[in-house]
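Notes to accompany the following structure.
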Amino acid sequence: MKLAFLALVATKLAAATLYEPADGKIIFGAWVETEAASTVGPITLGGDTPSAFNTRLGQNAGVFHMSQSIPLAISPFDQTQQTAPLNLLETTKTDAILFLTIYPSQTGPTPYDLITDRDIQLLVWQLGNITEPTLSGRRVLLRFGPEMNGNWFAYGEQPTRYVAEYRRLVNAIRAVTKRVSFVWSPNAGNNYPFGVTRVADAELAALDTNKDGVIDNEDDPFSPYWPGEEYVDWVGTSLYWKGDAATGFPTKDNSRAPAGFFEQILQGSESLVVNRAYPFYTQYAERYKKPLVMSEGGAAFALYQDGPTATERLPVNAGQLAIQQSFWRSYLNTTLLSRFPRAKMFINFEHQKVFEDPLAGGTRGITRDYRITFDPAVLAGLKADLTALGTTIQWAGPYVAGYDWLTGSGGPNTATASAATSAPVKTDGLPVNTGAVATTSKSDAIRSLTTVLVFGVWLALVF
């Protein structure tokens, strides 16, 4: 009886994914431009912070996206390693999740070959310190090599090598800490295989999933890159609206996203060139019971073409509010969330991009604004739509030093260390941490533990 009881308790504990919000809840956040401020004509790039985003929104976002490379980039000024600016997240004084993207370095033609065991060890130590309750105590979702099914990164279109490196990274991190949740995040499948490909002969067989000798939209955009259910905690995707592709490349028509855009991109659409044979949500979130995150996404408001000067401003057409609201309303609505209950996290790309999608020769690129908290009308519309969702959104709570997200214990009365402004990289290994309760708020953590205890008492009485 005791063995049966323990097995059932283990099943109950294992049912939740690490840092997944409770059923009926979602987490909303942003990838803000934290780089040093600079100007290109009238466009100001960078200079943003998570705290400033929260101030504009009037809420504490539940997740912030940051990124770094592997191997780590080195500053040309002081030769320091360029890690994600965790200090900017700490200054929010909230328990927001760190969504950390790790990009294989783009400094050479074979990025995977540049990743040494030492590089992985440095990342492991960094993550151990960020997540350790007596140090930063921050929840982390880790996304390695995103959009690997595209051809715009040097590490892209190499499925067998990608899978091997993804597993290598996950195994190394899990050997030291169980406090990192792993995100597998290809690009959305619209217009796959995304134009001209440069696939190496060694990868052709893996990418030609229907074995017709051609890599085209009839092939599966995702399965060649799937590392296996046991290596993935969350499934994610990059998802953008830049305009109507029928108007020509690069898109700049400033039109609204089609009705149901989010669902069409995930599940299939003839008009958006998304093959219905490969519905991402069904294939991965539903089949493997994984929560889904929009790892990055947004709708572009096109400003200029081939140079941000006042005389070249593009027609506003539908206008920034209508364009961006049509995008976020395609997922921030109760109908969509009830039909796709595993869609649990949404991260908006809060950036401006200059000279994006240039033509051959690097000309005629578009300057686009993806931000949704700077224009007053857009911000007001966003706030209204977020308010309408009420308690569906899980906002960040206050930071509590020493709190253990895995066990639901700890805090100011038991912790001896305060929050670190940045996680120091240790020079020796961290002890292996174990735990099972996966939650997204301290109240949910306690509630989950209570549920398990009640469940255990009931079983004990029954048996």
Side-chain angles (χ1 to χ4, degrees), residues 26-34 37 39-65 92 239-244 247 250-262 265 294 296-305 308-337 346-354 356-357 366-390 392-393 395-396:
I26 65 171
I27 299 174
F28 179 80
W31 183 0
V32 300
E33 286 187 279
T34 58
T39 59
V40 181
I43 303 297
T44 299
L45 304 173
D48 201 5
T49 66
S51 293
F53 179 87
N54 286 346
T55 298
R56 295 191 299 270
L57 192 62
Q59 296 281 2
N60 290 324
V63 59
F64 283 99
H65 182 294
T92 67
L239 194 155
Y240 288 93
W241 171 254
K242 298 180 181 180
D244 184 357
T247 62
T251 50
K252 55 184 182 297
D253 62 308
N254 279 330
S255 59
R256 293 177 177 85
F261 179 72
F262 185 82
I265 290 292
M294 184 179 79
E296 56 178 277
F301 181 51
L303 300 173
Y304 306 98
Q305 182 164 18
T309 64
T311 58
E312 296 177 346
R313 185 66 186 263
L314 293 165
V316 299
N317 294 335
Q320 187 168 1
L321 172 60
I323 294 165
Q324 295 181 323
Q325 191 171 54
S326 67
F327 177 82
W328 77 60
R329 280 185 171 177
S330 74
Y331 62 84
L332 288 179
N333 70 81
T334 55
T335 300
L336 184 283
L337 295 174
F346 303 91
I347 301 174
N348 195 77
F349 186 66
E350 191 76 351
H351 281 60
Q352 294 184 101
K353 298 279 281 187
V354 296
E356 193 176 30
D357 296 335
I366 309 299
T367 296
R368 298 182 173 117
D369 189 353
Y370 294 90
R371 303 171 306 170
I372 55 177
T373 62
F374 280 82
D375 179 87
V378 174
L379 177 59
L382 175 65
K383 286 182 174 181
D385 287 344
L386 291 173
T387 299
L389 287 175
T392 297
I393 301 179
W395 299 109

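- Inter-residue side-chain proximity for Pro50 and Val32 is flagged as met; some heavy-atom pair is nearer than 4.5 Å.
- Nearest heavy atoms, Phe28 versus Leu382: CZ-CD1, 4.3 Å.
- A distance-only check finds a donor-acceptor pair linking the side chain of Glu33 to the backbone of Gln352 [under 3.5 Å].
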- Step by step, would you call Tyr304 with Val40 a side-chain contact (heavy atoms from CB on, under 4.5 Å)? CA-CA 12 Å; Tyr304 306 98; Val40 181; over 6 Å; no
- Report the C-alpha distance between Ile323 and Asn254 in whole Å, list the side-chain angles of each, state the deciding distance to 0.1 Å, and finish with yes or no for side-chain contact (heavy atoms from CB on, under 4.5 Å). CA-CA 7 Å; Ile323 294 165; Asn254 279 330; 3.6 Å; yes
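- Just one residue in the list Phe327, Tyr240, Phe346, Trp241 forms a ring-ring contact (aromatic ring centres under 6.0 Å, His included) with Phe262, and that residue is Phe346.
- A donor and an acceptor atom, one from each side chain of Tyr370 and Glu296, are nowhere located under 3.5 Å apart.
- Closest approach of Ala257 to Ser326, counting heavy atoms only: N-OG, 2.9 Å.
- Annotation for Gly243 and Ser255: closest pair CA-OG, 4.0 Å, computed over non-hydrogen atoms.
- Partner Ile393 forms a side chain to side chain contact (heavy atoms under 4.5 Å, CB included) with one of Ile26, Ile27, Thr387 and no other, that one being Ile26.
- In summary, of the residues considered (Leu303, Leu314, Asp244), a side chain to side chain contact (heavy atoms under 4.5 Å, CB included) with Lys252 occurs for Leu314 alone.
- At a cut-off of 3.5 Å, with distance as the only test, no side-chain donor of Asn348 or Trp328 sits close to an acceptor on the other residue.
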- For side-chain contact (heavy atoms from CB on, under 4.5 Å), just list the numbers for Tyr331 and Ile265, CA-CA rounded to whole Å, side-chain angles, deciding distance to a tenth of an Å, and then say yes or no. CA-CA 11 Å; Tyr331 62 84; Ile265 290 292; over 6 Å; no
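- In this structure a side-chain-to-backbone donor-acceptor pair under 3.5 Å is present from Gln324 to Asp369.
- Contact detail for Val354 and Thr367: the closest heavy-atom pair is CA-OG1, 3.7 Å.
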- Item | Check against side-chain contact (heavy atoms from CB on, under 4.5 Å), Gln325 and Asp385 | CA-CA 9 Å; Gln325 191 171 54; Asp385 287 344; 3.2 Å; yes
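- Checked against salt bridge (charged side-chain N to carboxylate O under 4.0 Å, His left out), Arg56 has the following partners two or more places apart in sequence or in another chain: Asp48, Glu350.
- Scored by the side-chain contact (heavy atoms from CB on, under 4.5 Å) test, Asp357 finds Lys242, Phe249, Pro250, Arg368 as partners (sequence neighbours excluded).
- Taking each heavy atom of Ser330 and Gly260 in turn, the nearest pair found is CB-C, 4.5 Å.
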